[in-house]
Number of protein chains: 2
Amino acid sequence: MLQENINIKFIAEKANVSIATVSNVINSKGRVSVETALRVKEVIDSYQYSGNLAAKNLRTRKSYLFGVVVSLLQPEGRIKNNPFYWELVSGIESKAREKSFDIVLKGIESPEELTTFITQRNLDGLILVGAKSDSPVVAKVKELDLPIVFLDSYLDESAPFQVGIDDAFGGRVATEHLLSLGHQRIALITGDLEPDSVNGRRFRGYRSALQKNRSFDQNLIFESDTSAQGGFEATEKIITETNATAILSFSDVSALGVYKCLNEKGCKIPDDYSVVGFDGSYFSTFMTPTLATVKQDVGEKGEKAVDLLFLQIEDANRLKQQSRISLPVTFMVGSSTAPPRSTRR
Amino acid sequence: MLQENINIKFIAEKANVSIATVSNVINSKGRVSVETALRVKEVIDSYQYSGNLAAKNLRTRKSYLFGVVVSLLQPEGRIKNNPFYWELVSGIESKAREKSFDIVLKGIESPEELTTFITQRNLDGLILVGAKSDSPVVAKVKELDLPIVFLDSYLDESAPFQVGIDDAFGGRVATEHLLSLGHQRIALITGDLEPDSVNGRRFRGYRSALQKNRSFDQNLIFESDTSAQGGFEATEKIITETNATAILSFSDVSALGVYKCLNEKGCKIPDDYSVVGFDGSYFSTFMTPTLATVKQDVGEKGEKAVDLLFLQIEDANRLKQQSRISLPVTFMVGSSTAPPRSTRR
DNA sequence: CTGAAAGCGCTTACAG
DNA sequence: CTGAAAGCGCTTACAG
């Protein structure tokens with residue numbers, strides 16, 4: 001007694017109609033009488049029939065699949081450790097699910113792998129995270145006739161759909177907060193500092209605030225890994241090599257290392273050093289003292305990216321329209337900042 | 001000049017062979033002469049042809065797709081905040097990629113959604129994370145004739161393929177560490193305490209260690225959210241309602257809240273309270289004082305799960321074989337534990 | 001309103 | 001060693 005495959009033909013037979021009618025019912029084409037439709041639906045329900053997407057895909061060229069690519073070409077560390085990716089992917093998935101799209105998560109090691117991935121799977125859209133403007137992946141992908149959204153990237157107009165946050169503003173507002181407290185020497189801990197990157201923009205904000213105040217100093221900038229360890233090592237240098245009174249870290253994760261190092265060296269936060277982070281991670285309010293930070297909504301970033309994908313799918317004309325979404329950030333006051341020691345009494 | 005679709009027919013024409021031969025070359029069936037194979041390969045390369053998986057899938061019933069499902073039926077908070085999921089998914093993805101499988105990440109809200117997902121996409125395998133033994137999803141999924149691996153679940157023999165860690169051992173070793181320091185009253189902060197769950201097993205380890213020592217006390221157990229906030233709230237109660245000298249948290253994330261609360265109340269770690277976490281998160285060594293914790297390798301858990309999937313795919317006979325992989329955990333000494341105050345001088 | 005037929009791009013017996 | 005043909009499960013003109 002072998003289980004017959006439940007496919008459209010099986011349903012058609014049970015409902016005494018043709019497979020074309022079953023298809024019309026499923027896709028609500030409306031060219032079916034109400035009674036027939038009802039009967040077909042009943043059969044579908046009773047057998048829990050749910051169609052074969054591969055066959056549908058083959059016929060319609062739609063896969064209902066979005067690719068989410070986190071380039072492995074980036075420094076390995078960032079991928080494994082950044083606690084944000086899950087939140088991001090979570091936002092993407094839930095938004096995609098609303099419209100019955102699935103997401104396939106893919107790490108790639110070369111541009112060719114990406115195009116192969118896209119064509120093999122007939123992807124309906126692609127979300128690329130943290131692509132660098134000069135990356136061969138970006139060049140390759142822009143040639144494709146496919147809805148794409150770049151996340152946390154700063155690409156030129158040839159990549160019309162991008163979602164990010166106001167990084168420059170975040171960098172500026174964090175710096176201005178420290179300036180307003182009276183800090184003049186604000187050390188910076190940053191990841192990779194390419195100009196057209198998230199860090200690059202945050203840096204611009206930092207620099208412009210300081211330049212307005214004539215206190216920008218190249219020697220206070222420390223490029224390190226975006227990780228707790230990276231923050232720790234940068235802080236060691238800051239303590240010994242500079243006379244900074246405040247530390248701005250372009251990620252909360254690094255700020256963990258800043259705290260650790262300051263604690264080990266017997267430096268008090270905020271008495272000896274004020275500290276400001278970036279991201280507004282779930283743990284920032286649980287650090288002691290509470291970390292002042294620039295908060296962003298990572299989940300929403302993912303959701304917006306999916307919105308832009310659907311925009312491109314639903315209205316092909318918009319393909320030409322520029323649409324860079326820049327989500328706002330908020331400065332979160334914490335107990336990790338105070339006026340510098342010299343100005344206090 | 002419209003771009004012709006590059007499909008198997010196109011390649012066949014360019015190479016002057018039939019599509020059957022192209023197919024045989026692609027799939028290395030070996031029934032093709034060396035010269036022909038070479039010529040075909042050249043054409044394939046020059047057009048960067050990469051096949052259509054939907055068509056292949058339709059024909060062969062293989063999708064080269066694994067589903068990774070994090071049940072949304074669990075308390076919402078756990079999904080969004082747990083920093084481990086990314087590490088887990090990262091391990092799954094990289095292992096799957098080695099054998100050219102892609103993974104589709106899916107949140108589900110009902111058992112029906114899951115079966116629909118599986119049949120629609122013709123999944124070749126499924127990884128289910130943190131399923132409860134009495135969950136309808138588990139019941140539904142076990143009926144299916146599909147390679148499945150349960151992660152961090154404690155199901156009976158009817159679910160032969162499971163991957164987890166030695167939770168009971170972890171709970172025991174953490175407790176014994178505190179006992180050996182002289183602590184008698186060890187408060188416990190745990191998430192959901194179902195018997196057949198990760199927390200349930202860790203609890204068994206905790207309880208058995210304490211019972212052996214005749215110091216198990218039901219009043220020292222605090223069930224709360226697996227989150228920093230949950231840890232914070234539980235600690236407030238521990239301080240005011242108990243005379244505990246040590247706190248064991250079944251997650252490092254909660255331990256963040258423990259630290260926060262103790263700091264706020266002016267309690268010193270480890271002088272007033274010893275603290276032990278669980279998981280060995282990237283941030284545990286960056287807490288001050290360094291958190292003693294039970295370390296697990298989340299990425300490896302994901303990789304092992306994929307291994308078990310391939311085991312089932314490659315050898316259908318093993319479908320009956322029991323194979324629960326329990327990965328080891330290591331106790332990581334930290335600066336967060338010390339003998340209780342009363343025993344010190 | 002309904003159904004027969006073609007075709008999406010593959011693989012796989014089968015014949016030669 | 002090679003190719004013609006059938007068929008996987010759908011959708012979509014098209015005819016009736």
Side-chain angles (χ1 to χ4, degrees), chain A residues 2-41 43-44 47-65 100 116 118-124, chain B residues 2-41 43-44 47-65 100 116 118-124:
Chain A
L2 73 173
Q3 162 84 21
E4 203 169 342
N5 271 331
I6 298 183
N7 52 29
I8 198 171
K9 197 174 154 209
F10 177 90
I11 298 297
E13 281 165 10
K14 294 291 177 190
N16 258 314
V17 293
S18 73
I19 61 167
T21 297
V22 175
S23 176
N24 283 328
V25 170
I26 291 169
N27 299 299
S28 330
K29 293 288 182 187
R31 12 185 194 218
V32 186
S33 76
V34 183
E35 308 89 70
T36 311
L38 241 44
R39 195 172 71 246
V40 172
K41 272 179 192 156
V43 177
I44 288 176
Y47 288 98
Q48 299 198 50
Y49 168 69
S50 58
N52 179 327
L53 282 180
K56 185 172 191 157
N57 178 0
L58 187 56
R59 190 55 230 257
T60 63
R61 259 85 241 291
K62 284 202 68 173
S63 61
Y64 300 92
L65 228 41
S100 302
T116 298
I118 292 167
T119 56
Q120 279 193 331
R121 292 280 179 207
N122 288 122
L123 295 187
D124 289 339
Chain B
L2 75 172
Q3 162 83 21
E4 204 169 340
N5 271 331
I6 298 182
N7 52 28
I8 199 170
K9 197 173 153 210
F10 176 92
I11 298 296
E13 281 165 10
K14 294 290 178 190
N16 258 313
V17 293
S18 72
I19 61 166
T21 297
V22 175
S23 177
N24 283 329
V25 171
I26 291 169
N27 299 299
S28 331
K29 293 289 181 185
R31 14 186 191 216
V32 186
S33 76
V34 183
E35 308 90 70
T36 311
L38 242 45
R39 195 171 72 245
V40 171
K41 271 179 192 156
V43 176
I44 287 175
Y47 288 98
Q48 298 198 50
Y49 167 69
S50 58
N52 180 328
L53 282 179
K56 185 171 190 155
N57 179 359
L58 187 56
R59 191 54 229 259
T60 63
R61 259 87 239 292
K62 285 202 67 173
S63 62
Y64 299 92
L65 229 40
S100 302
T116 299
I118 292 167
T119 55
Q120 280 194 330
R121 292 278 179 207
N122 289 122
L123 295 187
D124 289 339

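Throughout, protein chains are lettered first and strands after them, A, B, ... in sequence-line order, and every chain is numbered starting at 1. The shown structure was predicted, so the numbers you read here are calculated from the model rather than taken from an experiment.
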J.: Report yes if at least one side-chain N or O of Tyr49(A) is closer than 4.0 Å to OP1 or OP2 of dG9(D); otherwise report no.
T.: no
J.: Let me confirm one number: the CD1-CD1 distance from Ile26(A) to Ile8(A), rounded to the nearest 0.5 Å.
T.: 5.0 Å
J.: For Leu53(A), what residues pass the side-chain contact (heavy atoms from CB on, under 4.5 Å) criterion, not counting sequence neighbours?
T.: Lys56(A), Tyr64(A), Gln120(B), Arg121(B)
J.: Does a nitrogen or oxygen in the side chain of Thr21(B) sit under 4.0 Å from OP1 or OP2 of dG3(D)?
T.: yes
J.: Figure out the NZ/C1' separation between Lys9(B) and dA5(D), and round it to whole Å.
T.: 14 Å
J.: What's the CG-C1' distance between Asn7(B) and dG7(C), to the nearest Å?
T.: 12 Å
J.: Atom CG of Asn122(B) and atom P of dC8(D): how far apart are they, to the nearest Å?
T.: 14 Å
J.: The side chain of Ser33(A) is closest to which nucleotide in this list: dC10(D), dC1(C), dC10(C)?
T.: dC1(C)
J.: Can you tell me how far P of dA4(D) sits from CD1 of Ile8(B), to the nearest Å?
T.: 13 Å
J.: If I take atom CZ in residue Arg121(B) and atom P in nucleotide dC8(D), what distance separates them, rounded to the nearest angstrom?
T.: 22 Å
J.: Identify which nucleotide among dC8(C), dT2(D), dG3(D) has an atom closest to any side-chain atom of Arg61(A), counting heavy atoms from C-beta outward.
T.: dC8(C)
J.: Keeping the roles fixed (side chain from Asp124(B), backbone from Lys62(B)), state whether a donor-acceptor pair exists under 3.5 Å.
T.: no
J.: Distances for protein N/O vs nucleotides 12-16 of chain C N/O pairs under 3.5 angstrom?
T.:
residue, atom, partner, partner atom, Å
dT12(C), OP2, Lys29(B), NZ, 3.4
dT12(C), O4', Arg59(B), NH2, 3.3

J.: Over how many whole Å does the gap from Leu58(A) atom CG to dG9(C) atom C1' extend?
T.: 5 Å
J.: Would you give the length of the straight line joining atom CD1 of Ile11(B) to atom NZ of Lys9(B), rounded to the nearest 0.5 angstrom?
T.: 13.0 Å
J.: Working to the nearest 0.5 angstrom, can you tell me the gap between Asn7(B) CG and Ile19(B) CD1?
T.: 9.0 Å
J.: In this structure, how many angstroms lie between the P atom of dC8(D) and the CG atom of Asn52(A), rounded?
T.: 12 Å
J.: For Tyr49(A), which residues count as a ring-ring contact (aromatic ring centres under 6.0 Å, His included) partner, sequence neighbours excluded?
T.: none
J.: When rounded to the nearest 0.5 angstrom, what distance separates CG in Asn57(A) from CG in Asn52(B)?
T.: 6.5 Å
J.: Kindly say if Thr36(B) contacts the phosphate of dT2(D), meaning a side-chain N or O under 4.0 Å from OP1 or OP2.
T.: yes
J.: Going by side-chain contact (heavy atoms from CB on, under 4.5 Å), name the residues that satisfy it together with Ile118(B), two or more places apart in sequence or in a different chain.
T.: Leu114(B), Leu123(B), Leu126(B), Val141(B), Leu144(B), Leu146(B)
J.: Just to be sure I follow the notation: if a pair is Watson-Crick (purine N1 to pyrimidine N3 plus N6-O4 or O6-N4) or a G-U wobble (N1-O2 and O6-N3), each under 3.5 Å, what dot-bracket string does DNA chain C give, with | for pairs to another strand?
T.: |||.||||||||.|||
J.: Taking side-chain contact (heavy atoms from CB on, under 4.5 Å) as the test, write out the residues that go with Thr36(B), two or more places apart.
T.: Val17(B), Thr21(B), Val32(B), Ser33(B), Arg39(B), Val40(B)
J.: Taking NZ from Lys56(B) and P from dG9(D), how many angstroms apart are they, rounded to a whole number?
T.: 18 Å
